[in-house]
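Here the structure comes first, spelled out in structure tokens, and everything after it is commentary.
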Amino acid sequence: MSTIQALRGTKDILPTDIGYWQHLEATARQVLAQAAFQEIRTPIFEQTELFARGIGEATDVVGKEMYTFSDRGDRSITLRPEGTAGAVRSFIENKLYGAGGIQRLWYSGPMFRYERPQAGRQRQFHQIGAEVLGSADPRAEVEASAVAGNLLTAVGVKSLKLALNSVGDREDRQRYREKLVEYLTPYKDELDPDSKDRLTRNPLRILDAKVERTREICVDAPSILDVLSAASAESFETEKQGLTTMGIDNTLDNRLVRGLDYYTHTAFEIQSDDLGAQATVCGGGRYDGLVAELGGPETSAVGWAMGMERLILLLQAIQPLPEPSVDFYVVSRGDRAEIQALGVAQTLRQAGYSVEVDLSGSAFGKQFKRGDRAGAKACAILGDAEADNNTVQIKWLNSGEQTEVSQVELLETAKNFHTQNFNN
RNA sequence: GCGGGCGUAGCCAAGUGGUUAAGGCAGUGGAUUGUGAUUCCACCAUUCGCGGGUUCAAGUCCCGUCGUUCGCCCCA
């Protein structure tokens, strides 16, 4: 085959689907602005080192999923696999912390990961994300999850679950890691091969293994919550109370682990049962160490990201898109009429209507048929007779009523169309 | 990176080794060369993702490849 196709794992978003994207984007802009978040747009590619340091060399994302290449100046460049690292880089580079107080930022755009495509997973995918920089208060988590919830509700997605866990700070995790390994080691030979391998590399990961026997073993594993320092535990407790007070349902899931190294303390996911294996629609948590890790001042932070493709999959299942339609469809035949038709279209647009012009030059009957298919409320009709008299016929398609209007007076006359014909 | 399903027109889709590749939607032209939503007629795949093989014969079987889909891994 010689035609060129879109790369594996990439998709065109066609006019038939664009309504979902526009709805999601408009809602995000509105909901986040209401919560005093400001939009930030950062580059789609960055120095590879930003992600290596920020996300963690040992993570799968950095280790085997990044689109990394050398540019013509021999710099190692990476297409961003997520949004937080870039936002934090920008926060530091532009000294946004200098403004003092708390920075609430949001972004949306394409992200890139070299993975095997699946439902709700592509190589180029899109996220909406929000970051709250500069607060160690557990209320920041509560607010961030509340805003995520507001957005999902406003978009119209239903029956989602908020799952919550604390992964503690560095010391907590080190302590927990030891306890967990101690518990799992006797079962070593019963674990699935992947988990067995992780026992030394990344034991926390074993907790969210999918293999049945491994899961059984993990049921009685010690919980990280029992190992948290007094401060970590108290903070987590405050957060849970905050969520409950706000009426946000949440379930504790002490197996929830985040795949990116920068998370500390709170980790949460918003999940749906309707997405198959890719259940997570929104994931986030606290990342107190990241800003300092990337060379900025010690700054506490909380953030989340939503997968737009996944949200749209949910939306498509519950909300059909309205058929596109126009107010006027301009039908014309004959040389002079066809030229005048364009002027009529401009005038109607000036009056605030949406207008589609038929350029086919085919028989009137065909043009009307197309106007009907286009969902037009009315046709503006120009033939030789109208061209001679500088008039235009307006035919309302639901009543069949037709009136003749002078082209010169069309702008004035059109202003009254609204009250007369657009209300039913 | 690993394992399973699938790939016929713009879309949905029949076809399971025998030769003219059903049907529906959409589209185009006409009945109706100045009036739509109904109806009727005609046209719309030398070819079944691509490449190779088996066979007298392949959309149908085999191999490879690309894409897609479901699961694993991982994540949003």
Side-chain angles (χ1 to χ4, degrees), chain A residues 1-11 14 16 55 59-65 81-84 108 110-129 148 152 192-195 197-198 202 205 208-211 256-260 263 267-272 275-285 303-314 329 331-334 337 358 360-387 393-402:
Chain A
M1 153 170 326
S2 63
T3 54
I4 295 175
Q5 334 180 304
L7 284 169
R8 159 165 257 207
T10 68
K11 264 198 176 120
L14 299 173
T16 45
I55 301 172
T59 61
D60 281 20
V61 169
V62 172
K64 53 185 201 196
E65 295 176 0
E82 53 92 59
T84 299
S108 78
M111 307 293 163
F112 305 84
R113 291 184 199 171
Y114 192 88
E115 296 183 274
R116 182 96 178 245
Q118 238 175 279
R121 178 198 294 164
Q122 293 166 215
R123 290 183 173 180
Q124 175 176 337
F125 64 104
H126 299 78
Q127 289 187 332
I128 295 171
L152 295 167
D192 62 279
D194 281 335
S195 296
D197 192 41
R198 289 199 200 107
N202 196 349
R205 268 297 161 59
D208 70 352
K210 303 280 193 316
V211 181
L256 180 67
V257 184
R258 310 263 65 214
L260 312 182
Y263 286 106
F268 72 87
E269 284 187 4
I270 300 176
Q271 301 158 340
S272 164
L275 283 174
Q278 272 61 243
T280 303
V281 154
C282 175
W304 50 254
M306 298 191 194
M308 295 176 77
E309 279 81 2
R310 291 182 189 180
L311 281 174
I312 285 169
L313 285 175
L314 293 176
Y329 191 86
V331 161
S332 60
R333 195 118 210 246
D358 192 305
S360 69
S362 48
F364 274 108
K366 296 291 176 194
Q367 295 194 43
F368 275 98
K369 194 170 209 152
R370 283 191 211 103
D372 195 53
R373 287 262 161 84
K377 296 186 180 67
C379 285
I381 309 149
L382 293 100
D384 292 334
E386 288 75 18
Q393 305 279 344
I394 303 292
K395 176 172 179 173
W396 301 95
L397 292 183
N398 52 3
S399 64
E401 189 188 325
Q402 184 167 321

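- Between Glu269(A) atom CD and C75(B) atom P there is a gap of 9 Å when expressed in whole angstrom units.
- Judged by distance alone with a 3.5 Å cut-off, a donor-acceptor contact links the side chain of Gln402(A) to the base of U35(B).
- Looking at every heavy atom in both residues, Arg8(A) comes nearest to Arg123(A) through O-CD, 3.3 Å.
- Residue Arg116(A) places no side-chain atom within donor-acceptor reach of the base of G71(B), judged by atom type and a 3.5 Å distance cut-off alone.
- Between the CG atom of Asp358(A) and the P atom of U35(B) there is a distance of 15 Å, given to the nearest Å.
- Using a 4.0 Å heavy-atom criterion, one finds that Gly129(A) contacts no nucleic acid atom at all.
- Atom C1' of nucleotide G7(B) and atom CD of Gln5(A) are separated by 12 Å, given to the nearest angstrom.
- To the nearest whole angstrom, the two C1' atoms, one in C48(B) and one in C41(B), are 29 Å apart.
- One atom, NZ of Lys366(A), and another, P of G27(B), lie 10 Å apart when rounded to the nearest Å.
- The base of C70(B) has none of its N or O atoms less than 3.5 Å from a complementary donor or acceptor on the side chain of Arg121(A).
- Annotation: Phe364(A), atom CZ; neighbour count of heavy atoms from other residues, nucleotides and ligands within 6.0 Å is above 12.
- Under 3.5 Å, the side chain of Lys64(A) and the base of G1(B) form no donor-acceptor pair of N or O atoms.
- Distance noted for atom C1' between C72(B) and A22(B): 40 Å (whole Å).
- In a base pair of the Watson-Crick type (N1 to N3 plus N6-O4 or O6-N4) or a G-U wobble (N1-O2 and O6-N3), with each distance short of 3.5 Å, G1(B) is matched with C72(B).
- Comparing the same atom, C1', in C61(B) and in G15(B) gives a spacing of 16 Å after rounding to whole Å.
- When the P atom is compared between C70(B) and G27(B), the two are found 31 Å apart, to the nearest whole Å.
- Backbone-only engagement by Gly9(A) is indicated by non-hydrogen atom pairs under 4.0 Å involving sugar-phosphate atoms exclusively.
- Using a 3.5 Å distance cut-off with no hydrogens or angles, the side chains of Glu269(A) and Gln271(A) do pair a donor with an acceptor.
- Counting to the nearest Å, the P atom of G34(B) and the CG atom of Asp384(A) are 9 Å from each other.
- In this model, a side-chain donor or acceptor of Glu386(A) finds a partner on the base of G34(B) within 3.5 Å.
- Inter-residue side-chain proximity for Val281(A) and Leu275(A) is flagged as met; some heavy-atom pair is nearer than 4.5 Å.
- G59(B) and U47(B) are spaced 11 Å apart, taking the P atom of each and rounding to whole Å.
- Within the structure, every side-chain polar atom (N or O) of Lys369(A) is placed at least 4.0 Å from both OP1 and OP2 of G30(B).
- G4(B) and U65(B): their P atoms are spaced 13 Å apart (whole Å).
- Side-chain atoms of Ala119(A) lie closest to U69(B) of the nucleotides C73(B), U35(B), U69(B).
- Going from the P atom of C44(B) to that of G1(B) covers 45 Å, rounded to whole Å.
- Residue contacts for Ala363(A): at a heavy-atom cut-off of 4.0 Å it reaches no nucleic acid atom on any strand shown.
- Side-chain proximity of Arg310(A) to the nucleotides A76(B), G71(B), G34(B) is greatest for A76(B).
- Rounded to whole Å, atom P of C74(B) lies 13 Å from atom CZ of Arg113(A).
- Checked against G34(B), G30(B), G71(B), the side chain of Gln118(A) finds its nearest nucleotide in G71(B).
- With C72(B), G1(B), U35(B) as the candidates, the nucleotide lying closest to the side chain of Tyr114(A) is G1(B).
- The distance between atom CD1 of Ile381(A) and atom P of U35(B), rounded to the nearest whole Å, is 10 Å.
- Taking every heavy atom of both residues into account, Gly283(A) and Tyr263(A) meet most closely at O-OH, 4.4 Å.
- Looking at Arg8(A), its side chain has no donor and acceptor atom pair within 3.5 Å of the base of C66(B).
- Comparing G29(B), G1(B), C70(B) by their nearest atom to the side chain of Arg370(A) picks out G29(B).
- Of all the heavy atoms in Gln124(A) and Pro110(A), the pair that sits closest is NE2-CB, 3.5 Å.
- Heavy-atom minimum distance, Ser360(A) versus Arg370(A): OG-NH1, 3.0 Å.
- Distance Leu382(A) CG to U35(B) C1': 13 Å, rounded to the nearest Å.
- Rounded to the nearest Å, the gap between the C1' atom of G23(B) and that of U8(B) is 13 Å.
- Judged by centroid separation below 5.5 Å and plane tilt below 30°, Phe364(A) does not stack onto the base of U35(B).
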